[in-house]
Colleague: 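What follows is a single structure, and I will ask about it in a moment.
Just so we're clear, the structure is a prediction, and the values are computed from it rather than from any experiment. Quick note on labels: first sequence line is chain A, next is B, and so on, each numbered from 1.
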Number of protein chains: 2
Amino acid sequence: MAPRTRKSERRTEALSRERIIEAAVELLDTAGEGGLTFRALTERLATGPGAIYWHVANKDELLDAATDAVVAAALATEPAGSPDSPRDALNAVALGLFDAIDEHPWLATQLATQFSRGPWKSVTPRILESIGRQVRALGVPERRWFTVATVLMHYILGAAGQNAVNGRAHGPGVNRDEFLGAVSTAWKELDPDDYPFTRAVADQMPGHDDREEFLAGIALILAGITAVPPPPRSHRARR
Amino acid sequence: MAPRTRKSERRTEALSRERIIEAAVELLDTAGEGGLTFRALTERLATGPGAIYWHVANKDELLDAATDAVVAAALATEPAGSPDSPRDALNAVALGLFDAIDEHPWLATQLATQFSRGPWKSVTPRILESIGRQVRALGVPERRWFTVATVLMHYILGAAGQNAVNGRAHGPGVNRDEFLGAVSTAWKELDPDDYPFTRAVADQMPGHDDREEFLAGIALILAGITAVPPPPRSHRARR
DNA sequence: ACTTAAATTGGAACGGCGTTCCAGAGATGT
DNA sequence: ACATCTCTGGAACGCCGTTCCAATTTAAGT
């Protein structure tokens, strides 16, 4: 068979796992979730698929690594000795994730799908740890650590992902206010018999400030912590 | 050009959007998220792609429809006049979603990605309405409806999705307890300096009952409702 | 009953994706 | 100089969602 022709010269700057992950993040940021393909990656890195597969097992691992890198960076900001209260520190962690998801909208989907597959891998402990430390600092009894941290984590990721979507462009010239207004009016056209609640909240949606609403949710959960906790386990008020 | 040869006879039972969605759900249930392909669908329905595309715009719409159908069915159970307290009714809604996600594990991913794209379409108001009605019945002041319902929704969907993953097979002969045990031991091998909290909660994870833990999270949020609400809006303590 | 138009079907083909394969170029040691 | 190992990137494979369109069934008009 004919010998393969080698045309281009070898890369000058060596390929590395870090460079690949970095390029993947940039590609996801600029071209969206569907923008990360091995072909786009090979073009951007001026190489071939085999070179990438030498450093990375497959696309899932690459996505995991990109997610982990961005989340780690988001949680690493504000490390130094800010003598804030645990509440403020928790809000800072939450807003850090909020901003990271806002800046990299693909994170929302990626975190969700990563939770739904190999959920307890690298990124989950990272987030749980950051939240959990503040939960512990708040004086929550250890028995309830898991419940409280889990509630906070799910709310933070869910709400941040939701709000990140609101702020994105949904077509040419559609900004956040227009988008939320469109949703609001769409909800007000729902059947009054089937959707009384949704119609009622449709009014208060367009006006609110995202971060404030987000923090209000966290405050609500924290208020639940200080309230009388239900007895240990399987011991709720009965008889 | 040569005339196409027509070999098989036309379907006896007519194809319809409902039949396609039904087949899609079955395919997702049996073969997993990756199991739904147009080729598998054409084989199962004994037809061709064009026939399916006549009834359904594309795969995303099909996934949306499948998700909506399953969620609607889950929320439609327990309609009749059970004179439960709003708390019990809310728990019932939450457990309905919990069970639906447990029975159709692809729902977790699908709901998450659907939230991250056209988030305010059909399925979101459906869930928000079911939760919101109970929030209203609980006597929550209208100003806080959106916050409370949103917190509950994000927690319910996040935690239910997470727990659904735990219960699934992750390889041959790996059941829930083994899986959680493996996660627990993996967490206990994390760096004690970097992950003190995660290591601490690793112990209490394998033992707990899923539903009880799930409901404990909801109870925590509900406890926050009755606690003193933070001042109206844009009025938090500053300066 | 015959004709005609519209609704519906399903086979073939297209472009793009993740992935695999492997010849060979650079580096390194002998 | 050679042998060996690391790393590269072009070509090709199989599967995917989707499109195209001839063929067929159904419905309507006469």
Colleague: Nearest whole Å is fine: how far is dA7(C) P from Trp54(B) CH2?
Modeller: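 Atom-to-atom, Trp54(B) to dA7(C), this comes out as 6 Å.
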Colleague: Please confirm whether Phe98(B) and Phe214(B) have ring centers closer than 6.0 angstrom.
Modeller: yes
Colleague: Rounded to whole angstrom units, what separation is found between the CZ atom of Arg19(B) and the C1' atom of dT9(C)?
Modeller: 13 Å
Colleague: Can you find a side chain N or O atom of His55(A) that sits less than 4.0 Å from OP1 or OP2 on dT6(D)?
Modeller: no
Colleague: Just how far, in rounded Å, is P of dA7(C) from CZ of Arg17(B)?
Modeller: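 Atom CZ in Arg17(B) sits about 18 Å away from atom P in dA7(C).
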Colleague: Figure out the CD/P separation between Glu61(A) and dG18(C), and round it to whole Å.
Modeller: 15 Å
Colleague: Are the side chain of Lys188(B) and the backbone N or O of Ala200(B) linked by a donor-acceptor pair below 3.5 Å?
Modeller: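 No.
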Colleague: Decide yes or no, distance alone: a donor-acceptor N/O pair under 3.5 angstrom between the base of dG17(D) and the side-chain of Arg39(B).
Modeller: yes
Colleague: Please state how far atom CZ in Phe38(A) lies from atom P in dT19(C), giving the value in whole angstrom units.
Modeller: 5 Å
Colleague: How many Å lie between NZ on Lys59(B) and C1' on dT19(D), as a whole number?
Modeller: 17 Å
Colleague: For Gly50(A) and Leu36(A), take the nucleotide of DNA chain C holding the closest heavy atom to each; which residue's nucleotide lies nearer the 5' end?
Modeller: Leu36(A)
Colleague: In whole angstrom, what separates Asn58(A)'s CG from dT20(C)'s P?
Modeller: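 In whole Å, dT20(C) P lies 8 Å from Asn58(A) CG.
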Colleague: Less than 4.5 Å apart, any side-chain heavy atom of Arg126(B) and any of Ser130(B)?
Modeller: no
Colleague: Where the side chain of Pro49(B) is defined as all heavy atoms beyond and including C-beta, which of dA11(D), dC16(D), dA12(C) is the nearest nucleotide?
Modeller: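 Side chain of Pro49(B) sits closest to dA12(C).
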Colleague: Output the rounded distance in Å from CG (Leu27(B)) to C1' (dC16(D)).
Modeller: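 Nearest whole value for this atom pair: 14 Å.
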Colleague: Ring centres under 6.0 Å, that's the criterion: do Tyr195(B) and Trp187(B) meet it?
Modeller: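 Here the rings of Trp187(B) and Tyr195(B) have centres that are no less than 6.0 Å from each other.
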Colleague: If each of Ala51(A) and Tyr53(B) is mapped to the nucleotide of DNA chain D with the nearest heavy atom, which maps nearer the 5' terminus, i.e. the 5' end?
Modeller: Ala51(A)
